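These notes concern the structure reproduced below.
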Amino acid sequence: MQSDEEIEWLSVLSCSQNTFSSVVAPPAAAPTDAANQQAMLAQLAQKTNMNERFTLMCLSEAGWNLDTAYTNFLEAQRNGKIPEEAFQK
């Protein structure tokens, strides 16, 4: 079962493209290369200090576009929409 904070976070990510005009639309398909996805997870986790679960949600919602995921993170952070749980390792 998802917590209220997690549901709110998912909602922020899901509607981020309609809400934030600075966000570029993600590509239609996620990269299928597992090594590439792992590298992207590591990069975003390092930049954001989020745990793997929330980093994965962020990238997935951004269509595995690293720049879009980071932009969405910054916007959500600026608006206080990221739960503390996202930073617990």
Side-chain angles (χ1 to χ4, degrees):
M1 181 171 232
Q2 296 176 326
S3 69
D4 289 342
E5 288 180 338
E6 185 175 349
I7 291 169
E8 182 177 333
W9 171 243
L10 287 170
S11 174
V12 167
L13 291 175
S14 295
C15 70
S16 61
Q17 292 168 28
N18 297 328
T19 304
F20 310 121
S21 60
S22 64
V23 176
V24 177
T32 57
D33 180 356
N36 188 25
Q37 287 183 343
Q38 275 305 119
M40 292 172 76
L41 278 168
Q43 288 176 357
L44 188 61
Q46 183 178 19
K47 287 174 110 173
T48 64
N49 203 32
M50 286 193 300
N51 61 39
E52 184 176 344
R53 185 169 133 229
F54 279 84
T55 302
L56 178 62
M57 282 193 293
C58 188
L59 276 166
S60 178
E61 290 294 326
W64 288 90
N65 180 306
L66 189 59
D67 292 332
T68 300
Y70 188 61
T71 300
N72 290 349
F73 165 80
L74 291 175
E75 193 67 36
Q77 185 181 43
R78 186 176 9 262
N79 291 317
K81 299 292 186 182
I82 302 174
E84 288 298 318
E85 175 185 0
F87 303 102
Q88 296 170 355
K89 304 285 180 169

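Just so we're clear, the structure is a prediction, and the values are computed from it rather than from any experiment.
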How far does CG of Asn51 sit from CE of Met57, to the nearest 0.5 angstrom? 7.5 Å
Minimum-distance pair of heavy atoms, taken over all atoms of Cys58 and Phe73: SG-CB, 4.3 Å
CG-CD distance between Leu56 and Glu61, expressed to the nearest 0.5 angstrom: 10.0 Å
Cut-off 3.5 Å, no hydrogens considered: what does the side-chain donor-acceptor table look like for residues 39-50, sequence neighbours left out?
{"from": "Thr48", "atom 1": "OG1", "to": "Leu44", "atom 2": "O", "distance (Å)": "2.8"}
{"from": "Thr48", "atom 1": "OG1", "to": "Met50", "atom 2": "N", "distance (Å)": "3.2"}

When rounded to the nearest 0.5 angstrom, what distance separates CH2 in Trp64 from CG in Asn36? 8.5 Å
Point-to-point distance, once rounded to the nearest 0.5 Å, from CZ of Phe54 to CD of Gln88: 9.0 Å
